[in-house]
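These notes are about the structure you will find just below.
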Amino acid sequence: MVNSTQFSYFILSAYFDSGRLKYLYFMFVLCLYILIVFANSLLIGVICMKRSLHEPMYIFLCSLFVNELYGSAGLFPFLLIQIVSDTHTISAPLCFLQIFCLYTYGSIEFCNLALMSYDRYLAICCPLQYNTHMTCNKVALFIAVVWLYCFIKSLITLSLSVRLQLCGNVINRLICHNYHVAKLACSETSVNNIYGLFSSIVTVFVPLIPIFFSYMKILEICLVGSKETRQKAVSTCTPHLASLLNFSFGCGFLTLQSRFDMTSVPSVLRIILSLYFLTCQPLFNPIMYGLRMSKIQKTCKSVFFH
């Protein structure tokens with residue numbers, strides 16, 4: 001019989017001794033975090049303060065930016081401490097809290113992008129019915145349901161992992177991942193595996209249905225519509241598509257690293273790719289939407305230069 005126990009902490013073995021360079025890495029990550037907090041907070045403030053931006057599209061954007069701050073808070077403070085620390089350990093409760101935070105962040109991000117694609121479909125394909133279908137009350141309800149659904153789904157994942165009896169406490173990663181905690185289990189994990197597969201399918205494919213449907217309809221309208229319709233579609237859909245592709249790219253690399261042997265890949269590249277969706281997406285979104293959305297761009301200019 002395999003000995004099992006409940007460990008009070010986990011060892012993160014992916015960190016390596018970087019000597020004095022760790023202070024340079026610390027300053028770089030700190031500057032990146034400050035930039036993420038500033039950019040997202042700025043756009044949240046601009047959208048909340050300007051009544052002209054109190055429209056469904058911008059309210060969905062506000063939810064997206066709040067989620068970027070939420071996901072960043074689950075990673076960056078912890079990462080900054082680990083960079084300058086000599087021992088790379090994390091308490092079990094904090095590890096599970098980080099798993100919960102990062103899982104909800106990923107789920108909310110996909111669902112937010114799905115809501116935004118549906119909003120663009122209504123605005124471009126059904127402009128006359130847009131204000132009827134997309135009222136402020138419906139927007140608030142959509143956002144509340146998405147956040148509640150993602151929190152409940154991640155809470156179930158967390159409750160299944162917490163009950164596991166573990167045979168080890170070494171995780172070969174920079175941060176806590178549910179998959180790698182489950183791999184340490186001595187107890188039966190079939191329920192975790194089944195729910196994990198179900199949760200992954202729901203997280204990815206359920207949001208993809210409205211996204212594909214919306215863009216198929218938008219493409220159909222663009223092919224037969226006027227030049228003005230095509231310009232409207234391009235100006236509002238380009239940031240959304242770029243955000244979706246960027247996030248999917250980061251999640252894809254994270255999944256590949258979790259499921260396959262990546263030891264042949266240089267360690268620095270592995271580290272960058274494993275943190276890509278948690279570090280680049282929170283900065284990519286405010287920059288992309290701030291630069292591409294003319295209304296937000298003009299409002300930001302008026303805030304800083306008037």
Side-chain angles (χ1 to χ4, degrees), residues 12 14-15 25 28-29 31-37 39-40 43 60-61 63-80 82-83 95 97-117 146-147 150-151 153-154 157-158 171-181 196 199-208 211 239-260 262 265-290:
L12 301 170
Y15 289 92
Y25 298 149
F28 175 77
V29 174
C31 289
L32 180 61
Y33 185 41
I34 291 171
L35 192 57
I36 287 170
V37 172
N40 285 282
L43 294 186
F60 286 133
L61 273 178
S63 174
L64 191 73
F65 298 145
V66 169
N67 190 47
E68 306 305 352
L69 291 177
Y70 169 72
S72 301
L75 170 70
F76 280 93
F78 168 78
L79 195 60
L80 288 167
Q82 291 297 322
I83 287 172
C95 181
L97 178 63
Q98 187 176 65
I99 289 170
F100 175 78
C101 182
L102 299 183
Y103 269 59
T104 49
Y105 164 74
S107 298
I108 292 167
E109 192 80 1
F110 259 130
C111 289
N112 262 330
L113 292 169
L115 286 176
M116 290 167 68
S117 67
V146 160
W147 281 74
C150 293
F151 270 84
K153 185 163 65 67
S154 298
T157 301
L158 189 67
I171 302 173
N172 188 27
R173 286 292 179 269
L174 297 174
I175 57 176
C176 287
H177 285 280
N178 187 63
Y179 175 75
H180 293 284
V181 171
S199 179
S200 299
I201 292 170
V202 169
T203 300
V204 175
F205 289 103
V206 170
L208 281 180
I211 290 171
H240 179 266
L241 277 172
S243 177
L244 179 64
L245 290 172
N246 184 65
F247 188 67
S248 300
F249 177 79
C251 289
F253 272 111
L254 188 66
T255 304
L256 285 173
Q257 278 198 311
S258 298
R259 298 298 190 271
F260 300 101
M262 303 287 284
V265 179
S267 58
V268 175
L269 183 60
R270 284 206 310 272
I271 289 170
I272 292 170
L273 293 177
S274 67
L275 297 176
Y276 182 87
F277 95 109
L278 290 164
T279 54
C280 291
Q281 186 75 359
L283 186 59
F284 181 86
N285 276 340
I287 290 174
M288 176 58 69
Y289 285 103

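Keep in mind that this is a model prediction, so the values were computed, not measured.
The CG atom of Leu241 sits 9.0 Å away from the CD1 atom of Ile211 when rounded to the nearest 0.5 Å. To the nearest 0.5 angstrom, Cys280 atom SG is 7.5 Å from Leu32 atom CG. The CG atom of Leu12 sits 9.0 Å away from the CD1 atom of Ile175 when rounded to the nearest 0.5 Å. The distance from the CZ atom of Phe78 to the SG atom of Cys176 is 6.0 Å, given to the nearest 0.5 Å. The CG atom of Leu158 sits 7.0 Å away from atom CZ of Phe100, with the distance rounded to the nearest 0.5 Å. Distance check: Leu75 CG to Tyr105 OH gives 9.5 Å after rounding to the nearest 0.5 Å.
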Handout entry: side-chain contact (heavy atoms from CB on, under 4.5 Å) between Leu61 and Met116, worked out
Key = CA-CA 8 Å; Leu61 273 178; Met116 290 167 68; 3.5 Å; yes
Exercise for the section: Test side-chain contact (heavy atoms from CB on, under 4.5 Å) on Phe76 and Leu278 and set out the steps. Expected result: CA-CA 9 Å; Phe76 280 93; Leu278 290 164; over 6 Å; no
Handout entry: Audit row: Tyr33, Leu79, side-chain contact (heavy atoms from CB on, under 4.5 Å) steps and yes/no
Key = CA-CA 10 Å; Tyr33 185 41; Leu79 195 60; over 6 Å; no
Practice task
Would you sort out whether Asn246 and Met288 count as a side-chain contact (heavy atoms from CB on, under 4.5 Å), showing the intermediate values?
Solution key: CA-CA 11 Å; Asn246 184 65; Met288 176 58 69; over 6 Å; no
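Between the side chains of Asn285 and Glu68, at least one donor-acceptor pair of N or O atoms lies under 3.5 Å.
Taking the six-membered ring for Trp and thresholds of 30 and 60 degrees, Phe151 and Tyr70 have ring planes inclined between 30 and 60 degrees apart.
Looking at Trp147 and Thr104, their side chains never come closer than 4.5 Å, going by heavy atoms from C-beta outward.
Between Phe277 and Phe249, the distance from one ring center to the other does not fall under 6.0 angstrom.
The sulfur atoms (SG) of Cys111 and Cys150 lie 2.5 Å or more from each other.
Of all heavy-atom pairs spanning Ser107 and Lys153, the tightest one is OG-NZ, 3.0 Å. Residues Tyr276 and Gly250 approach most closely at CD2-CA, 3.6 Å, considering heavy atoms. In terms of heavy atoms, Ser243 sits closest to Leu113 at OG-CD2, 3.7 Å. The minimum heavy-atom distance linking Ile83 with Val29 is given by the pair CD1-CG2, 3.7 Å. Shortest non-hydrogen contact noted between Ile99 and His177 is CD1-C, 4.0 Å. For the pair Pro207 and Phe110, the tightest heavy-atom approach, listed with the atom from each and the gap, is CB-O, 3.7 Å.
Between the side chain of Asn40 and the main chain of Pro282, a donor-acceptor pair closer than 3.5 Å is present.
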